[in-house]
Participant: 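Before I ask anything, here is the structure I am working with.
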Amino acid sequence: MFKKIRPSLFFFLYLFSLFSLELQADAHIFVYHRFGDARHPSTNTSISELRKEFNHFKKHGYKVIKLETLVSALQKNKEIPDNWILLTIDDNFKSFYTKGLPIFKEFGYPFTVFVYLEATARKYRDYTTFKQLREISKYGSLQFHSYKHAHMANISETSIRKDFDKGLALFQKEFGVRPKYFVYPYGEYNKKLEEITKEYGFEAVFNQNMGATTKGTNLFDIDRSALVGKPKLKTYLGFNELQEVKFLEPTQYPKNGILKRVKVKVSKNAKKAFVYIRGHGWKAVKVKNGIIDYKISKKIRGKRMKIGIQVGTKLKVKVFMAK
Ligand SMILES: [Zn+2]
């Protein structure tokens, strides 16, 4: 008789687990900009939304860890737990110091601020002072986001080096350490910029592409999803990193600005996929013998073309910059 009861008990436990646990997938790095500053909706996170997100992490068993912990695990090629979350803040806006930081302190969540040095050095309104940044560094880490916040994929190598030299010297002078991590301004980058960051000795470099991080992630192209407004947090948390992906076409930004074809090699077992084109949204596509071949005619707006490929829960976004 006991045996007859057991399956239903297991079934009950199974149902219970479905309701109480959220499916977890890979580590996720998020990026915030402004806090409680409704003047700038495209870069702002309200304080009530921030609390909601932090409560979600807490309730569903996520662990907010330091960026150093993730980078060190990636360097050692260790397995990356599915419940790791990393929080980064770009651009050292004053609203982080006045409104965001108290909430991070309340939850005890570590964070990393990527500093745009010129804004603080030249005392731009809306930005923290060096003194405030030093106070912030008692609770989280400060890293490098360039001196001038230029469109670095579109300036000369000499200008990039000049920016790095000036910014790194000032960083060292104000904070007494050399930063180890870098974030591309505007999430814009290309091979040349990536090579220069390696030459300058950065250990990890972060972009601003939706995605996830796991064992095997390229340390010089780490994905971060932006949390602004009312983001699709659960969708972001459900992404795994798509590593078995090779872009056959395009391999660069189209010369006339018209994207005609997306041809990508993915896993042989894949049957269907989604293609995301920035400014045009998502489209379901078929996969034949591990190849996506999507013929289109889309005008690309701006100098930054982003194409994402999603297979199952796995996603990879690639950036192509106009020259
Ligand atoms: Zn920035």
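Since we're looking at a predicted model, the values are computed, not measured. For ligands, and for the atoms within them, numbers begin at 1 and follow the listed sequence.
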Participant: Is the distance between the ring centroids of Phe247 and Phe320 under 6.0 Å?
Facilitator: yes
Participant: Using a distance threshold of 2.8 Å, state whether an N, O or S atom of His149 lies below it from the Zn ion (ligand 1).
Facilitator: yes
Participant: Measure from the ring center of Tyr116 to the ring center of Tyr127 and say whether it is less than 6.0 Å.
Facilitator: yes
Participant: Where the side chain of Asn207 meets the backbone of Val183, is there a donor-acceptor pair that is under 3.5 Å apart?
Facilitator: no
Participant: Using the side chain to side chain donor-acceptor pair (under 3.5 Å) criterion, which residues pair with Gln310? Sequence neighbours excluded.
Facilitator: none
Participant: Answer yes or no for Asp90: is there an N/O/S atom below the 2.8 Å cut-off from the Zn ion (ligand 1)?
Facilitator: no
Participant: If you look at Asp91, which of its N/O/S atoms is nearest to the Zn ion (ligand 1)?
Facilitator: OD1
